[in-house]
4 protein chains.
Amino acid sequence: MSHQKLKVAIVGASGFTGSELARLLLNHPDVTISMITSESHVGKPFSDLHPQFFNRLDIPLVSADEVDQQQLDVIFLALPHGVSMDFVSKWKDLGAKIIDLSGDFRLSSKEVYEEWYQKKHSFPEGFEGAVYGLPELYSKQISDANLVANPGCYPTASILSLAPLFAQQIVVEDSVIIDAKSGLTGAGIKANATTHFSNVNENFKAYGIAGHRHTIEIEEQLGGLAGSSANVQFTPHLLPVDRGILVTAYAKVTEEMDQEKLRSIYQDFYQDKPFVRLRNQAPGIKDVRGSHFCDVFPVWDERTNRVIVLSAIDNLLKGAASQAVHNMNLMFDLPEATGLNQIPLKP
Amino acid sequence: MSHQKLKVAIVGASGFTGSELARLLLNHPDVTISMITSESHVGKPFSDLHPQFFNRLDIPLVSADEVDQQQLDVIFLALPHGVSMDFVSKWKDLGAKIIDLSGDFRLSSKEVYEEWYQKKHSFPEGFEGAVYGLPELYSKQISDANLVANPGCYPTASILSLAPLFAQQIVVEDSVIIDAKSGLTGAGIKANATTHFSNVNENFKAYGIAGHRHTIEIEEQLGGLAGSSANVQFTPHLLPVDRGILVTAYAKVTEEMDQEKLRSIYQDFYQDKPFVRLRNQAPGIKDVRGSHFCDVFPVWDERTNRVIVLSAIDNLLKGAASQAVHNMNLMFDLPEATGLNQIPLKP
Amino acid sequence: MSHQKLKVAIVGASGFTGSELARLLLNHPDVTISMITSESHVGKPFSDLHPQFFNRLDIPLVSADEVDQQQLDVIFLALPHGVSMDFVSKWKDLGAKIIDLSGDFRLSSKEVYEEWYQKKHSFPEGFEGAVYGLPELYSKQISDANLVANPGCYPTASILSLAPLFAQQIVVEDSVIIDAKSGLTGAGIKANATTHFSNVNENFKAYGIAGHRHTIEIEEQLGGLAGSSANVQFTPHLLPVDRGILVTAYAKVTEEMDQEKLRSIYQDFYQDKPFVRLRNQAPGIKDVRGSHFCDVFPVWDERTNRVIVLSAIDNLLKGAASQAVHNMNLMFDLPEATGLNQIPLKP
Amino acid sequence: MSHQKLKVAIVGASGFTGSELARLLLNHPDVTISMITSESHVGKPFSDLHPQFFNRLDIPLVSADEVDQQQLDVIFLALPHGVSMDFVSKWKDLGAKIIDLSGDFRLSSKEVYEEWYQKKHSFPEGFEGAVYGLPELYSKQISDANLVANPGCYPTASILSLAPLFAQQIVVEDSVIIDAKSGLTGAGIKANATTHFSNVNENFKAYGIAGHRHTIEIEEQLGGLAGSSANVQFTPHLLPVDRGILVTAYAKVTEEMDQEKLRSIYQDFYQDKPFVRLRNQAPGIKDVRGSHFCDVFPVWDERTNRVIVLSAIDNLLKGAASQAVHNMNLMFDLPEATGLNQIPLKP
């Protein structure tokens with residue numbers, strides 16, 4: 001590229017999405033990482049927190065206050081839910097585009113947010129301009145956005161598994177069940193009983209049954225595609241692996257169906273989407289690990305008259321960091337695959 | 001016990017169910033292991049195949065032909081599907097009771113078997129006397145049986161998750177989805193691409209989508225409870241762990257429901273079943289590992305009007321070997337918990 | 001048994017050794033668990049902390065103060081280093097025998113303890129009567145003891161790997177290297193960066209290099225066997241598994257050696273020790289998981305003139321809880337294998 | 001680059017090194033993958049064998065016979081030991097440079113090879129021109145080579161852990177112990193008892209004790225650095241992870257030493273080696289996973305007067321595929337880091 005590199009800030013260095021953003025952006029040909037912030041580790045080299053970066057990204061961490069004083073093109077917010085909104089409010093006129101990886105602007109309104117997150121929203125005006133950053137659905141809107149709400153990890157895999165059917169408006173109401181399984185990094189870097197090795201290793205269990213807040217994110221998006229409301233039964237489970245989400249989605253359809261027709265619906269929907277791979281067999285999460293792919297495999301069960309769709313992503317990448325980079329590429333008119341060509345790391 | 005110990009044979013030493021049977025029977029106070037057979041390892045000490053038994057169970061393996069010449073009380077068949085039936089036919093008049101851990105006599109008839117197993121059945125007469133060995137449903141019949149068909153691992157967890165609802169005849173037809181996840185030992189001891197470490201570790205995927213043969217076993221049993229036919233969508237997945245099955249079952253019901261009522265239905269159904277634990281939170285597979293427990297947790301989702309039930313077992317134990325020992329206890333009028341009091345091994 | 005059951009207390013319920021003690025003692029035919037203490041969870045059922053015990057051991061946790069008011073036969077201290085000593089001091093005249101699973105009385109003196117643990121010792125008188133509870137070396141002394149210092153996990157595997165050579169006084173000074181690897185439960189139940197799943201899973205690293213406090217415990221014991229001082233290079237590593245220690249020990253010897261002679265030295269030393277298994281091949285940690293075994297495999301390398309010994313234990317059992325039960329059996333003249341006959345759980 | 005891209009062939013597609021080479025070369029800016037061979041899968045798309053490449057590298061596999069008919073710049077041999085030599089012999093005059101990832105040309109002579117590999121060598125002339133492809137030691141010779149013998153995985157980590165000391169000629173003879181631990185991919189893609197998930201998962205054991213053939217490779221290289229013979233005790237172990245080698249090396253030195261002096265020896269030796277990182281703490285294998293780094297951490301133990309060095313690599317990359325690409329870069333005068341800038345994938 002002959003033009004100048006984009007100056008980016010990563011706000012929130014200590015978590016997994018912060019470090020994955022740094023990993024991708026460090027090798028992105030059109031980007032310079034100008035700053036990485038962390039309130040609790042100011043002055044420490046970034047590689048102290050994430051030793052895999054030793055000798056490659058040792059820049060000292062700074063306070064988020066320094067964001068105001070920099071000429072930045074784009075700010076990635078890798079912060080917890082409820083924290084991002086204050087920074088968006090503060091930095092909205094700074095001239096930099098903002099990509100928020102938290103859940104603060106993913107839903108349709110302050111009301112819906114407050115009901116499902118059980119938390120007051122401090123910047124409801126933000127919902128207006130925010131674009132839901134799922135490139136397969138909204139690439140045009142993302143290009144024009146100043147604030148992108150990067151989708152949740154479960155919603156990304158869930159929405160992409162069923163979007164073609166909802167877009168056709170052929171899903172039977174109340175028939176959708178999304179049984180989802182995620183690697184442990186989805187639970188975050190904080191040390192607690194949930195993330196203790198001995199509770200995860202050789203274990204497997206469900207959580208957030210009948211009330212996980214990603215439910216509403218999925219319902220709003222799928223409903224939006226169909227032009228109606230969508231009702232989804234969503235159950236997440238914790239896998240004893242680092243990375244990966246597998247969604248097993250079930251739905252009844254209002255039309256006569258067979259395997260061929262089902263497949264062509266998916267083929268049509270995803271034909272120009274370079275990172276959704278329509279597989280010929282059930283994808284494993286390791287087939288996409290370390291990559292930006294979402295692998296999708298729809299099956300028609302003629303015995304039960306039901307659609308079953310498997311979809312697999314890397315929760316830290318297509319479910320977070322690489323999706324954010326994809327959004328950045330769209331927002332700055334870069335070729336959408338720039339910096340995202342990694343082949344999955346397997347085994 | 002003052003009476004004589006039961007003389008048992010384990011037919012089929014090389015697999016996981018064979019070694020788990022040996023482990024349980026070796027410490028069972030009322031049992032003597034008279035012989036263990038293996039056609040391919042005749043003469044080798046049992047502990048050569050399973051070094052965990054070194055110095056504790058080193059008896060030489062013998063051919064199955066020697067079964068005919070022994071005075072045995074009970075024969076455990078730890079053989080592949082399609083192989084057991086020939087031995088049952090051959091040994092039916094030997095005087096010993098037979099507990100078959102394969103799928104050969106679990107279904108209702110030769111016709112159903114041949115459709116789902118894609119294999120000719122050589123001893124259809126066996127179906128008549130065979131009792132489905134799920135003690136929570138058929139303890140009386142098991143007590144009187146000479147041939148017990150030990151249930152499949154997935155069916156055990158699946159049936160126990162929904163039996164109380166089907167017994168009440170309140171399940172909406174066509175609403176049942178069973179999303180099941182199993183540890184790798186369910187795939188057997190044979191070395192192939194499926195069981196290669198690098199394909200399992202850090203991976204997760206579905207298999208047998210829309211056609212797994214455990215589907216019919218579940219449908220027949222649940223249908224039997226309801227006095228009608230049952231239709232079930234069953235999807236198994238492979239977990240990167242050694243042991244454990246978690247079933248996430250979904251159903252709609254024909255009656256008004258709430259959490260309390262749901263729970264009392266389960267409480268009533270399982271009140272005298274010492275190995276089904278009605279949990280107060282979502283069970284993990286590690287909560288039951290190494291034990292004969294089936295942990296069950298029913299949830300009513302009032303938002304979607306749907307029942308979600310989690311159930312967890314150790315696939316090699318409650319899903320195979322300890323269930324067989326439980327059946328033996330019933331068949332010989334021993335206290336049903338004899339030799340099955342292990343607390344789960346966690347972590 | 002016709003005599004009365006032993007009344008035992010487990011002091012410290014929240015950790016892994018506490019729950020493993022409970023698991024073993026619950027099925028021990030000569031024991032009644034009278035009480036389990038936990039200061040931070042008084043009143044809660046024990047199974048709330050360890051759900052694997054649900055429906056089997058739901059007794060409410062009590063304060064350690066209640067120990068004074070009970071007629072107990074034996075008290076197991078499953079407490080952190082530095083905490084046990086105060087209770088030993090307090091309860092020394094209570095009439096109950098004490099088995100301390102911490103490191104507080106394992107070393108020879110207050111001075112050595114304070115140097116290696118960097119902590120003041122509050123009850124140095126305790127060292128006098130304390131017996132090092134390794135049954136393979138001190139079964140006689142343990143039988144007579146009122147206070148047993150249960151060995152560390154690494155020291156158990158390390159000492160048993162080299163004891164036969166040190167007892168023969170044929171180890172070349174300064175030649176011993178013990179490269180040890182432990183499962184994560186060795187790091188305890190506390191949630192921190194070290195025990196976070198994502199730092200353990202798919203990872204492996206050394207820690208405590210050149211200064212781990214188990215070094216001195218090993219040196220004192222091996223030196224004691226040889227009647228001289230011993231110098232040992234000890235390096236522990238963290239394995240991404242729940243349980244198990246494998247020690248790879250290296251030593252030069254002062255005598256001419258060959259494989260046969262080496263093996264007979266080990267055979268002689270361990271011939272009456274029912275839980276040390278002299279293996280014919282390299283043991284894996286899974287060969288002993290869930291059992292009280294220590295598997296040992298000595299190799300003579302004629303190319304390098306060096307002895308290499310592999311030894312494997314379950315760190316929570318032979319390295320902690322089952323060793324404590326073994327000590328209890330000896331202290332109360334029970335058959336030493338009582339309650340310890342579990343076959344390893346594999347896979 | 002303005003010049004033409006290098007045309008490369010990967011011979012041997014089915015294993016892990018074949019797929020890792022493809023992954024790296026596909027994104028290498030100066031390379032075109034002209035062909036990938038597999039005798040048993042001719043005609044199949046490469047991605048059929050390795051589904052992670054689906055939609056990205058679907059070229060049909062061809063027979064090795066087609067190598068003769070192509071104008072190639074470089075041929076990577078990703079073949080088993082004993083198979084490569086025939087192809088090297090056959091293709092030596094083809095004009096293409098050859099990088100052999102097998103062990104066939106790593107040792108000094110036919111005699112040494114045949115003793116340690118227990119196999120006749122069919123092309124002893126090859127030893128003469130072959131250069132040992134460890135860039136940190138032989139970058140100059142590699143630049144000029146037509147045949148590079150890519151080092152073994154264990155030798156790479158082992159040699160780099162001790163090279164600075166041997167180069168200084170200060171290692172005490174007979175004092176070196178290398179206790180090495182490798183992830184399962186080191187055992188290859190073949191399905192057998194060793195690679196069965198249930199034998200690896202939650203397990204850990206030593207193998208090849210006192211006779212592994214990587215011993216001689218390490219001894220020849222370290223001896224060569226010192227200008228004398230080297231004697232090494234090498235013990236490999238199998239880790240329950242996919243990737244990674246950690247070496248714990250022990251040595252006595254002939255000079256007075258302290259931590260600072262030790263560190264400066266390593267600093268001097270590795271100052272211009274971009275992929276060896278001299279760490280300030282014990283490296284974990286996950287700190288290098290998915291990257292070309294070798295992380296080294298030397299410790300002086302003043303209590304025992306011994307050097308302990310930890311070194312970590314990704315066995316499939318720095319221990320195989322990325323090392324081969326590094327060698328290619330040197331052989332074709334490309335900047336040595338080209339295509340090797342991946343940050344480790346953690347977690």
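The basis for the numbers below is simple: all heavy atoms, side chains too, and nothing from hydrogens, waters or symmetry mates. Bear in mind the structure is a predicted one, so any value in this text is a computation, not a measurement.
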| message | Minimum heavy-atom separation for I177(B) and R306(A), please, with both atom names. | response |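 Answer, listing the atom of I177(B) first, then R306(A): CD1-NE, 3.7 Å.
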| In terms of heavy-atom proximity below 4.5 Å to chain A, should L310(B) be classed as side chain, backbone, both, or neither? |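 Contact with chain A is through the side chain of L310(B) alone.
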| query | Is the number of heavy atoms from other residues, nucleotides or ligands under 6.0 Å of E173(A) CD greater than 12? | reply |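 Atom CD in E173(A) is not crowded, with 12 or fewer foreign heavy atoms closer than 6.0 Å.
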| said: Take a 6.0 Å sphere around CD of Q259(B) and say whether it holds more than 12 heavy atoms from other residues, nucleotides or ligands. | reply: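 Atom CD in Q259(B) is crowded, with more than 12 foreign heavy atoms closer than 6.0 Å.
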| task | Enumerate by number any residue of residues 245-258 of chain B whose heavy atoms lie under 4.5 Å from heavy atoms of chain A; in the absence of such residues, state 'none'. | result |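 The stretch touches chain A at L246(B), T248(B), Y250(B), K252(B).
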| said: Which residues in residues 200-219 of chain B have any heavy atom closer than 4.5 Å to a heavy atom of chain A? | reply: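 Those residues of residues 200-219 of chain B which have a heavy atom under 4.5 Å from chain A are N201(B), E202(B), N203(B), F204(B), K205(B), A206(B), I209(B), A210(B), T215(B), E219(B).
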Contact origin within [X] toward chain B - heavy atom pairs under 4.5 Å:
X: N231(A); result: side chain
X: P283(A); result: backbone
X: D174(A); result: both

| field | side-chain hydrogen bond (donor to acceptor under 3.5 Å, both in side chains) involving Q52(A) - partner list, sequence neighbours excluded | value |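 With sequence neighbours excluded, Q52(A) shows a side-chain hydrogen bond (donor to acceptor under 3.5 Å, both in side chains) to no residue whatsoever.
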| field | D179(A) vs K181(B) side-chain heavy atoms within contact, under 4.5 Å | value |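 They are in side-chain contact.
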| message | Can you tell me which of N305(B), D287(B), L239(B) forms the most heavy-atom pairs within a distance under 4.5 Å of chain A? | response |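 Option with the top pair count is L239(B).
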| said: Taking 4.5 Å as the heavy-atom cut-off, does anything in residues 183-198 of chain A contact chain B, and if so which residues? | reply: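 Expected list: S198(A).
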